[in-house]
Amino acid sequence: MTPIIEFDRTCFNPDYIPFHSDDSRVRIVYGGRDSAKSHEIALRFLIEFMSLDYCKIILFRKVFRDIRVSQFAQLLDLIDQFEFTDMFEVNQNRLEIRYKHRPNSLIMARGLDIADKTKSLKDPTHAWFEEANQITEDDYITASLGLRSSKIERTKEVLSFNPDKECWIENYFFPEKETYERPDGKFMFVPSTKKDVSIYHMGYWNNTFISEERIDKLNYLKERSPDKFRVNALGLWGRGLEGQVFENYNVVDSIPNNADCYFGVDYGFNNPSAVVEIGRFENNIYWDELLYQKGLTQSDLAESIIKLRERIGHTPVVVDSANASLVEELRRAKFN
């Protein structure tokens, strides 16, 4: 006899109740870290798995082995937490979970790094694309088109991710950023450009189970690294700045006319050669990239700089002192 399981409301984060009751074909849950996205998605799938007469859930990630420590681990943690261990059969090698009371129901893992693995999925009911921003648009479309079932009208999908940088998901599902983002991150529902799609934005403030220690760690980023704070704490779209020297900058049309300027030149062949104009005006520093190109010989680079003569004029040009021959070539061309 199949047991009747009741989950108390205290098992859920209250802000996620709309997600749990949502019947959209595609649900997207994104936002900051420690916002309980994975916990709530795994809880939803566990409830579906134990309550539906037939249920086959596909766990997708870009790399198969990463599923073991993400969706699969999250589901096993919940099974252990609720003391449901005896109700399930777990295959750690294949990353599969079966519900003993409905042997035809199955949770299975598929990595999008293995060709053709998404073509052999028979009658799936649900799919969870974790770290969906790490897969490509082609990955998603191929996998989604393969989610056909003769047992249900439509396979439901959930996509989850942290928006550390702009990616295909934004263009594929989202409206213009200015229409929904708030600088404090305090917004939850985002209208989608696609039919039958719901988008939820979540932050650590939506997680009633978060510790003060985790909140302090996230808030520490506010002064230390504003862009990391925007992405990791507020869950706003990042600009892919990881590893760059300057994270805080604005884009302007031109360097002010009254700025003190000079030019910088760096020669490379396998690495790009670069020519940049740098200006300083009212305690702000400006950069204008004039050239950034691989495969240039020294003569090619000198010729490119000569073509910029009208722009450079007699303004000082700073060149890597290790490249004495390039320095001499530019001096003979009457550069300063």
Side-chain angles (χ1 to χ4, degrees), residues 19 22 24-33 35 37-38 40-42 44-45 48-49 55-75 93-97 106-150 152 154-175 177 190 192-202 231-232 235-243:
F19 164 78
D22 193 333
S24 300
R25 191 188 72 80
V26 176
R27 285 169 291 173
I28 297 172
V29 188
Y30 82 109
R33 299 192 181 279
S35 57
K37 298 185 297 297
S38 297
E40 296 292 331
I41 295 168
R44 181 73 250 151
F45 280 135
E48 300 272 9
F49 194 51
C55 186
K56 181 180 283 187
I57 299 170
I58 316 299
L59 308 177
F60 285 114
R61 276 198 69 167
K62 180 67 176 179
V63 180
F64 176 80
R65 66 175 179 271
D66 292 340
I67 298 173
R68 182 183 302 279
V69 295
S70 54
Q71 301 116 297
F72 196 72
Q74 187 74 62
L75 287 162
N93 293 325
R94 296 172 60 87
L95 301 187
E96 292 181 352
I97 303 173
L106 177 67
I107 297 176
M108 59 193 300
R110 285 291 184 269
L112 297 173
D113 56 330
I114 303 176
D116 299 329
K117 279 293 183 179
T118 61
K119 296 181 180 179
S120 58
L121 304 176
K122 185 178 180 182
D123 295 327
T125 58
H126 302 77
W128 179 5
F129 295 86
E130 171 71 317
E131 303 291 358
N133 56 330
Q134 294 180 358
I135 68 176
T136 66
E137 183 175 343
D138 286 342
D139 287 336
Y140 170 72
I141 291 173
T142 300
S144 183
L145 289 175
L147 298 174
R148 298 187 300 272
S149 177
S150 60
I152 57 171
R154 57 182 184 166
T155 301
K156 294 182 180 179
E157 303 173 12
V158 174
L159 286 74
S160 56
F161 64 96
N162 294 93
D164 56 345
K165 58 185 176 182
E166 297 170 347
C167 69
W168 67 272
I169 300 174
E170 187 178 9
N171 296 326
Y172 195 87
F173 289 108
F174 284 68
K177 194 181 306 179
V190 179
S192 178
T193 56
K194 296 282 194 297
K195 293 181 180 178
D196 211 9
V197 175
S198 298
I199 303 176
Y200 298 89
H201 172 266
M202 296 296 186
V231 173
N232 293 286
L236 302 177
W237 288 99
R239 296 172 292 187
L241 299 178
E242 187 68 32

(message) Under a 4.0 Å threshold between the charged nitrogen and the carboxylate oxygen, would Lys62 count as salt-bridged to Asp139?
(response) yes
(message) Less than 3.5 Å apart, any donor N or O on the side chain of Tyr200 or Glu40 sitting next to an acceptor on the other?
(response) no
(message) Heavy-atom count check: over 12 atoms from other residues, nucleotides or ligands less than 6.0 Å from Arg154 CZ?
(response) yes
(message) Once rounded to the nearest 0.5 Å, what's the spacing between atom CG of Leu95 and atom CD of Gln71?
(response) 10.0 Å
(request) Using a 4.5 Å cut-off on heavy atoms from C-beta on, say whether the side chain of Tyr172 contacts that of Ile141. (result) yes
(message) Between Asp123 and Ser150 (side chain of the first, backbone of the second, donor and acceptor by atom type, cut-off under 3.5 Å), is there such a pair?
(response) yes
(request) Answer whether the closest heavy-atom distance between the side chains of Arg33 and Asn162 falls below 4.5 Å. (result) yes
(message) Ring-plane angle category for Phe60 and Phe129, please: parallel below 30°, perpendicular beyond 60°, tilted otherwise.
(response) parallel
(request) Would you check if Tyr140 and Leu112 make a side-chain contact, meaning some heavy-atom pair closer than 4.5 Å? (result) no
(request) Measure the spacing between OG1 of Thr125 and CG of Leu147 and express it to the nearest 0.5 Å. (result) 10.0 Å
(request) Measure the acute angle between the ring planes of Phe45 and Trp128, then classify it against the limits of 30° and 60° as parallel, tilted or perpendicular. (result) tilted
(message) Under a 4.0 Å threshold between the charged nitrogen and the carboxylate oxygen, would Glu48 count as salt-bridged to Arg44?
(response) yes
(message) For the CG atom of Leu75 and the CD1 atom of Ile67, what is their distance to the nearest 0.5 Å?
(response) 11.0 Å
(request) Assess the side chains of Lys194 and Ser192: does a donor N or O sit below 3.5 Å from an acceptor N or O? (result) no
(request) Look up atom CD1 in Ile169 and atom CH2 in Trp237, then write down how far apart they are to the nearest 0.5 Å. (result) 6.0 Å
(request) Kindly compute the distance separating OG1 (Thr193) from CD (Glu170), expressed to the nearest 0.5 Å. (result) 10.5 Å
(request) May I ask you to check whether Tyr30 and Phe174 place their ring centers less than 6.0 Å from one another? (result) yes
(request) Rounded to the nearest 0.5 Å, what's the gap from CG on Leu159 to CD1 on Ile28? Could you check? (result) 5.5 Å
(message) Under 3.5 Å, is there a donor on one side chain and an acceptor on the other for Asp22 and Ser24?
(response) yes
(request) Take Ser70 and Glu131, measure what side-chain hydrogen bond (donor to acceptor under 3.5 Å, both in side chains) needs, and give me the verdict at the end. (result) CA-CA 9 Å; Ser70 54; Glu131 303 291 358; over 6 Å; no
